[in-house]
Amino acid sequence: MSTVNEKITEKIRSEAQRLLSTGEVAAFIGYEAGSLPMSVRPFVARKQEDASRLVWNSFCVLNLANYLPALLKSFEPPRRPGDPPPEGPLPKVGILATGCWSRNIVVQIKENQVDRDRVVIVGVPSRGMVSARKVKEAVGERDIQTCIEEDHSLKICGEGFEQELNRWDVVRDNCKTCVHPDPVIYDILIGDPAGERQVQDRFAQVDEIEHKSLEERWNWFADSFSSCVRCYACRNACPLCYCPTCFVDDSRPQWVGKSTEQTDTMLFHILRAYHCAGRCTDCGSCESVCPVGIPMRLLTKKLNKDVLEMYGSEAGMSLDEPLPLTTYNPADPQGFVLTEKSEKGGDR
Amino acid sequence: MSNKKNQQGNTGALSEVSGSVLVVGGGIAGVQAALDLADSGFYVHLVEKSAAIGGGMSQLDKTFPTNDCSACILSPKLVECGRHLNINLLTLSELVSLEGEPGSFKAVVKQNPRYVDPEKCIACGTCAEKCPKKVVNEFDMGLGKRKAIYLKYPQAVPLKYAIDAQHCIWLNKPGRCGMCEKVCPSKAINFDDKPTEHMLEIGSVIMAPGFKPFDPSRLDYTGYGRLPNVVTSMEFERLLSPSGPCMGHMERPSDGKEPKKIAWLQCVGSRDINRACHGYCSSVCCMYAIKQAVIAREHSESGDLDASIFFMDMRTHGKEFEEYYNRAASEGVKFHRARIHSVLPSGENDNLRVRYAGEDGEIRYEDFDLVVLSVGLEMPQQAIELAAKAGVSLDADKFIVTDPFKPVSTSRNGVFVCGAAAEPKDIPQSVMEASAAALEAGRILAPARWKDTKKKEYPPEKNVYSEPPRIGVFVCSCGINIASVVDVEAVTEYAKTLPGVVLAQNNLFTCSQDTIDQMEETIRKEGLNRVVVASCTPRTHEPLFQETLRNAGINKYLFEMANIRDQDSWVHQNEPEAATEKAKDLIRVAVAKVRGDAPLPYNSVKVTKSALVIGAGVAGMTAAVSLADQGFPVTLVERKDDIGGHARKFYRTWQGNPVQDYLASLVDTVKSHENIDLKCGVSVKGVSGSVGNFTTVLTDGTELKHGVSIIAVGAGSFKPDSDSRWNYLYGKNPNVHTLLELDQKFIAEDSSLSGINQTVFIHCVGSRVPERPYCSRVCCTHAIDQALKLKELNPDMDIFMLYRDIRTYGQRERLYQEARAKGIIFIRYDLENLPAVTEEGGNIKVTVKDPIIDAEVELNPDMLVLATAVRPKVDVHDLAKFFKCSIRADGFLMEAHMKLRPVDFATDGIFLAGLCHYPKPMDETIAQAQAAASRASIVLSQDEIPAESITAQVDPRKCTGCAVCTEVCAYNAVSIDEATEKAVVNEAMCKGCGACVAGCRSDAITLKNMGNEQIMAELETIMDNW
Amino acid sequence: MGTTSEKNWEPKIVAFLCNWCSYAGADLAGVSRFQYPPNIRIIRLPCSGRVSANMILDALRSGADGVLVSGCHPGDCHYISGNLFARRRFALLNNLLEFVGIEPGRVNFSWVSASEGEQFAEVVKEVTDKVKKLGPSTRLVKRIG
Amino acid sequence: MKALKLDRNAIGQWLSNMAGERDIYAPASDGPAKGTWTLLTDYSMPEIKPGVPARPVKNFLFPQPETLLKFSIVPTDPDCCLPSEPEENGRKNVVFGVRPCDARSIGLNALACKADTYYQANMDKNAIIGLTCSQVCSTCFCSETGGSPMGTEGCDVSLTEIDGRYIARAMTERGEELLALAESFGKEVTDSDFSAVEALEERARSGSDEIRNPEEQLRKKDLMELYNAPFWQELADRCINCGACTFLCPTCYCFDIQDETLHGKGRRIRCQDSCMFPLFTLHASGHNPRGQKIQRVRNRFMHKMKYFPDRFGPISCVGCGRCVRDCPVNIDIREVMRSLLNFHDMGSVTP
């Protein structure tokens, strides 16, 4: 009997095979098996025989939407400034998309990075992805040699140990608090829609920080970010970070220094998160790829919380709704404004 | 191009026509008219009787319905007016006489002495500080004091002091005081100043003398004058104003306490023939009372101020007004439909007791801390005299007479009027009329355009790109204004040490003419290529110094100011050391900023001198003819096959003028005008370009190049046939009509009308309901006029008006009075108790609850007339998309600013007129069309129009094309280029606000001379501590 | 001024003011001679909508002890909607900074109109008081030796 | 050379003795700083987990940032714009518990950094106390790169754990001096201890690794053939161009130099840089010779596996496995190495 993910894998392979063989898409973005236990690798299938390499399991943590804009661009004929746009339809690209990834694709479409007509979205309702870091911790940081995934458990083996883990226990925090596991846009849906999830404390992790004292918060973040190596994996794993020159790389103006001193590192993380405000879908890609385990996702989660509470908006839920920072409501909350606090008397 | 047809008969030969216009009155209407004229090629003499322009609007705290700060939105216009090369501002002046003919008038203007030399006065205020004579401040409505030497108000234009001759000690007894002369640091006081007379040669005249608030002291029932806590609404404005006598803290006169409970009494001096002798409605009081109630509640410390408004009819008939009213009610402002019997003292604490009769007739009493009298508007005595001097007729209400089809023309050819002097009206209406009057005043002088105007010439500019910065720093002492607090010598020495600075000097008055001349010389001699002036605020003085740079051959953007007076010496008077340190910091920052400044081009765009007008109703036709008469080619596009629009269905204006005769002649003019290309049966398919250079493609494939566009597509009307709420047999019973259908019967002289025994009108059908929350403005007057017409046809006819509020604003009130006098019966209904209409054997039965007798009334009319709502057109959305203009939630087009730019769109070069803006009667439609034509003429009269220099700029290498910039740009100045998929800025449309820059994540878009790098340099420099 | 020697420490506060309302309000405070603490350094910008999160953070990075951003009241914006877009950006940034442990009161926002000279002085007093209580800024301050 | 046997307590005492003149750093095994090299304040034998810590030892050779010089830009300052030496506290370091792969990287980098006086000074400043590996992790492959779990290259003192005690062998003169600080309480190393160490070394040598001396084979290959090999595209397809590999790699030694100025003071710093970033090769003109991702991915591996051995001999990889373990998209350098080794002409081998 095959697992849910194995069944999904089969369907993905057959859809990808069909799309590639009919020429409907020129490439298909999915995952293939990796070289290590608990590892998969993003894979761009370009030929129909590549389809059989595609896999789907609980370790598909990197948001595939990340690859979409550049891959689409790679199929456009090279152009010089002033050249007219290419004529005729351009090749399409297929892509797998869970709830959050699909919402990122929506944001990319709204931000002109992706042409909806050139994407075939193969939706996969997400069962939540597993955090390899949590698994490693659960086995006491021992060297893991194999991991066998069942629907609800993981069997971890290494030199001299074997341990079975409840899958949900090691699912990533962002997935545990995910409300929208189903893709919001897709052309083909694989697997059964999971429906909107009822999550009690969506922002519990944020609340926990908020309940700390100011000093505790500062020290906590300063400590957490101190191990940052400025490799920018978090930024580069994010489908929203597509600027040709990121503010951290720019030298004119240079907002952030290059060192790993506290101010430079903190400013990088604060601004990176801020640039995702109203756009982040909490896909968790940033945190999952961090080689040193920095919880930078908390910053975007905090922004997501505020955007939802203040502007009633969640990123990428619809193609029509403007992004929250590109619009306003005359009645937007402004309790933070000094002159508003004093007039109403209540806020102080 | 031939101008044969467009030269109107009443102007003389080309050479005789003057290119100058006289505008009398420096309120918002006069200022707007002057600006429109001066910007479109005419020289303007603006005559203002007081010491500064600004008029009544400058006294207001906030303005409805946007709650904009009045001073904030007015000031830039005043400053523009004060600095305009082609506006000759004559303050303290009056018109003495006006002789001659249109095109060549001679006016005599008497200018009273200011006793302060405006060339020398630096508005430091030392004179007023030392002046021993305190005088009642009329600007604060007598609630506060000023000195005998005074500035009318803080943002006054011109920003020059004046001596009040009536109260000045010296002028009354020479030798006795003279304090101002002693302390004036710039020797500006001139006690020997004498009145002067100016003889002006002008081609036309605009009268904008404004209004005077009604003086309620003769209305004893109000208690005004006897009871200290009864104030007029204008006084209350000053109490609310942050620059008013109590700094906006809202203190009541008797004890300075904050009132907790305030009553507004409406119609004081309006709609009152018996006591006030003013039958007309003042139009603005309902809205300003609501506004004051809302603002007072915001001001109140506790936020729970009890605000009650006592009114007869709530007249919120303007754009956004009804919504404002509803919002105020839902936020807790109380509305009492009641007439006030009297205001009495209550107890010993100066509180007031209001005695009033409710709708049920029962007498009630209520106590208040403060009573505000919503006083009406009336013609000031001086304006009545002015009218006589100008030779224009007044009506019975003493307002200047106009014609509904020529709404800004007076009885004298070549003399025009705008604002409240022709009828009480609000600011947007006044501004609209001001532009209309400017159009009319300029239209007859079109051949003399640019004849009398001045143009400034500058030397060629030095190329500074290859040079290292050579910065000159000029530190101003401002007499002692700066020097008494800041150690200017130390500051000057310090400035010399800053990187790039080659020269720093200290001046007594940097803005004085001799220093300016010397600065120009120094720039040349020392080869300066950048300048910093450390003195007062750039908001008033930057243009002056920038002009100096240009005169010296330096690009004016290579300049910065350090505000060491207004934001330093004046606010840290007791901390000289800290103020000196701060001055050093500010100069260091200004030097850092100017180092990074680049010379910017003085942008301009060439203008295609033709117009596109969309919609050939009265608004579109009027606008088209107004432009065509000035020699500008116009393409007039009409979607239908026939022109004339809604006006074809109208019988007469409320003043009684037949519409069809007028319409026929207008249609004829349009069809035969050689400058008008009329295109029927087509509409707009696509638009590109921007102000000065639009390209529009029509559905027939025609491609038009034009410099401006006027949108005048009108509105539709609500048909109550498919709406269950208005189940009034419309379309089912042959005797149920809309107002326009009844008009068509009048036009057709339908004889059956005189045989009708009973007619019922139902008002507000489709208006003022949640799905259409606005008031349709025209229907009350229209319905009452029709009722009067029916009475003419059959004096015995019974006529019932079922209404919610009667909104016969302004002089339309006369019709309402006449209708009541003629026995027409008015029954009020509420939205909760709509009249019910049923049919029995073809007979109509109307039942309605009469709130006065508190009972159901049953009526059996032969004819039922429905006053249906004016409804915005649906297809206006396409047009709005093409022209990138906004549409309000209610479906009407959104102008650039509801108060001060009522016919402009936020996007330059596009204007609107008529019912697509909001429902309005014919006279207002015509005025608005003329106003739109006036605004359009400003563009069309130029060969090139200046564009903002400090604009956004895109670095395509960094741009992602994500379009955040396009979303946050309020002017549609940024777009994504289809070919490159990068943002591009249309410099002609960019206003330089920088919203796009702050929104851009990749620093791909920047603001010239205000880029992130420069701001970072400023920030780092501020925190430097060496 | 600006030195961090503990005894005589006086904070430096950077203020980003929009040209049309708050800068004019600051001028009016001067014209009306409303006195306020000399710790503020004003940067004049066209609109509060020009103020980005980067700029506010850069002020802190440069060592400003406090930051004030002030614009037109909502609805009064000279550029129609600049302050309304800005309000969202500021609200989110304000919360985020507090979240990571930047002291409330380091970064401040206000709406001051051209006619509110006294209010401007009041805002400066309030902000200066707050920053004085907080002491010199240390968080997110760049130091290069 | 000197050798001593130290139990855990003895190591503690030794650390304490060394701390008199040097700061001692060891990898943290827990807390937010887990995997980073932290200053020891408690002088007991630190807990060092099997395998390599997250951060390589190169952070002592290329501090992040390293101030090269200082200057003033205040115009009134007499020394305005004249460079000055950054102040030093004068203390030297002991880096404790360095795995053989990391230790070996110091010498490899030094091949390229011969003229780098700052690097040389940092080598002088940091004494390395190695710790051989008793357990080889699944991502380790030092033997395939020319190293060994028992390697001592780059160490001043090498520790090997035998039955809960550590055989400490001085490998350099500096190591002798340091180990002398344990002389008074260290135990004599017996012959059986030595033979136990030798047995471990022999076991390491006889491992079943497929690849031995890859540098020899790689040097023989044609540079342009490898450069034009087809497998780079698939790597580039999934590479997200972050710098996780380069920042964690002990043998990536590229750096960026910047001048920072603030409030009149300036400093010239160098920071580690990454060839994965487009900025790495961006010219002032705007031209970028490695503007494409595939060019950057290829460069990193070609540098390690071809350019470096061609120029200096060994490959620039010590097999620590950090990049294998932490690459977000599972780019496995072992596979790349195999692809390069197995690549013949137009043959297609997929990593």
Side-chain angles (χ1 to χ4, degrees), chain B residues 61 66-73 75-76 125 154-155 241-243 247-248 537-540 563 565-575 578-579 581-582 585-586 589 896-897 906 950 968 970-971 991-995 997-999 1003 1007 1010 1012 1015-1016 1018-1020 1022-1025, chain C residues 1-3 10 12 14 16 19-21 23-47 49-55 58-59 61-64 72-73 75-82 85-86 89 113-119 121 124:
Chain B
D61 173 40
T66 51
N67 289 353
D68 276 332
C69 155
S70 191
C72 302
I73 58 176
S75 270
Q155 300 92 341
S241 172
S243 60
M247 313 293 184
T537 172
R539 293 177 54 259
T540 54
N563 189 339
R565 188 187 73 176
D566 304 43
Q567 296 179 3
D568 190 11
S569 69
W570 276 354
V571 290
H572 314 308
Q573 286 171 323
N574 305 319
E575 294 166 278
E581 285 308 305
K582 181 171 174 180
D585 281 8
L586 294 177
V589 172
H897 190 272
I950 298 178
V968 301
Y971 304 97
K991 305 283 183 214
C993 70
V997 187
D1003 283 312
L1007 197 58
M1010 204 82 75
N1012 287 331
I1015 290 169
M1016 289 172 84
E1018 288 184 86
L1019 287 170
E1020 285 182 11
I1022 287 179
M1023 300 312 299
D1024 284 349
N1025 42 20
Chain C
M1 295 290 301
T3 57
E10 282 287 336
K12 266 199 195 179
V14 170
F16 296 105
N19 181 51
W20 305 93
C21 289
Y23 193 91
D27 280 347
L28 183 61
V31 171
S32 320
R33 309 295 199 275
F34 293 122
Q35 304 295 297
Y36 55 78
N39 306 70
I40 198 140
R41 300 290 178 271
I42 290 169
I43 291 185
R44 174 181 171 232
L45 295 170
C47 178
R50 171 68 188 83
V51 180
S52 63
N54 299 31
M55 283 159 60
D58 198 60
R61 178 176 176 270
S62 299
C72 306
H73 288 273
D76 287 1
C77 179
H78 181 80
Y79 301 104
I80 301 168
S81 50
F85 287 113
R89 295 200 281 258
S113 82
S115 61
E116 294 176 332
E118 192 184 8
Q119 282 84 341
V124 175

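Owing to the predicted nature of the structure, the values given are computational and were not obtained by experimental measurement. Just so we're on the same page: letters track the sequence lines, and every chain starts at 1.
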Measuring from atom [atom1] of [X] to atom [atom2] of [Y], what distance do you get when rounded to the nearest 0.5 angstrom?
| X | Y | atom1 | atom2 | answer |
| --- | --- | --- | --- | --- |
| B:Glu581 | C:Glu10 | CD | CD | 11.5 Å |
| B:Asp585 | C:Asn39 | CG | CG | 11.0 Å |
| B:Ser569 | C:Arg33 | OG | CZ | 7.5 Å |
| C:Ser113 | B:Asp61 | OG | CG | 8.5 Å |

Heavy-atom cut-off 4.5 Å, strictly under: side chain, backbone, both or neither for [X] against chain B?
| X | result |
| --- | --- |
| C:Ile80 | both |
| C:Arg61 | side chain |
| C:Phe34 | both |
| C:Phe16 | side chain |

Going by heavy atoms in the side chains, are [X] and [Y] under 4.5 Å from each other?
| X | Y | result |
| --- | --- | --- |
| C:Arg50 | B:Asn1012 | yes |
| C:Asp27 | B:Asn563 | yes |
| C:Ile43 | B:Ile1022 | yes |

Closest heavy-atom contact between [X] and [Y]?
| X | Y | answer |
| --- | --- | --- |
| B:Asp1024 | C:Lys12 | O-NZ, 3.6 Å |
| C:Ser62 | B:Glu1020 | OG-CG, 3.5 Å |
| C:Pro37 | B:His572 | O-CE1, 3.4 Å |
| B:Glu575 | C:Tyr36 | OE1-O, 4.2 Å |
| C:Gln35 | B:Asn574 | OE1-N, 4.1 Å |
| C:Pro46 | B:Met1010 | CD-CE, 3.7 Å |

Q.
If you count heavy-atom pairs within less than 4.5 Å of chain B, which of C:Val124, C:Asn54, C:Val14 leads?
A.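 Looking at each of C:Val124, C:Asn54, C:Val14 in turn, C:Val14 comes out on top.
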
Q | B:Val968 portion near chain C, given a 4.5 angstrom heavy-atom threshold | A |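 For B:Val968, backbone and side chain are both near chain C.
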
Q) By a 4.5 Å heavy-atom criterion (distance strictly below it), what part of B:Leu1007 contacts chain C: side chain, backbone, both, or neither? A)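 Only the side chain of B:Leu1007 comes within 4.5 Å of chain C.
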
Q. With respect to chain C, which residue among B:Ser241, B:Gly994, B:Ala970, B:Pro154 yields the maximal number of heavy-atom pairs within a distance under 4.5 Å?
A.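 Max contact count across the listed options: B:Gly994.
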
Q) Which one, B:Val571, B:Thr537, B:Asp566, leads in non-hydrogen pairs under 4.5 Å with chain C? A)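 Top option by heavy-atom pairs under 4.5 Å: B:Val571.
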
**Q.** Derivation of the side chain to side chain contact (heavy atoms under 4.5 Å, CB included) call for C:Leu45 and B:Ile1015
**A.** CA-CA 9 Å; C:Leu45 295 170; B:Ile1015 290 169; 3.7 Å; yes

(Q) Quick check against the 3.5 Å criterion: does B:Lys991 have a side-chain atom that pairs as donor or acceptor with the backbone of C:Tyr79? (A)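 Not a single qualifying donor-acceptor pair exists.
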
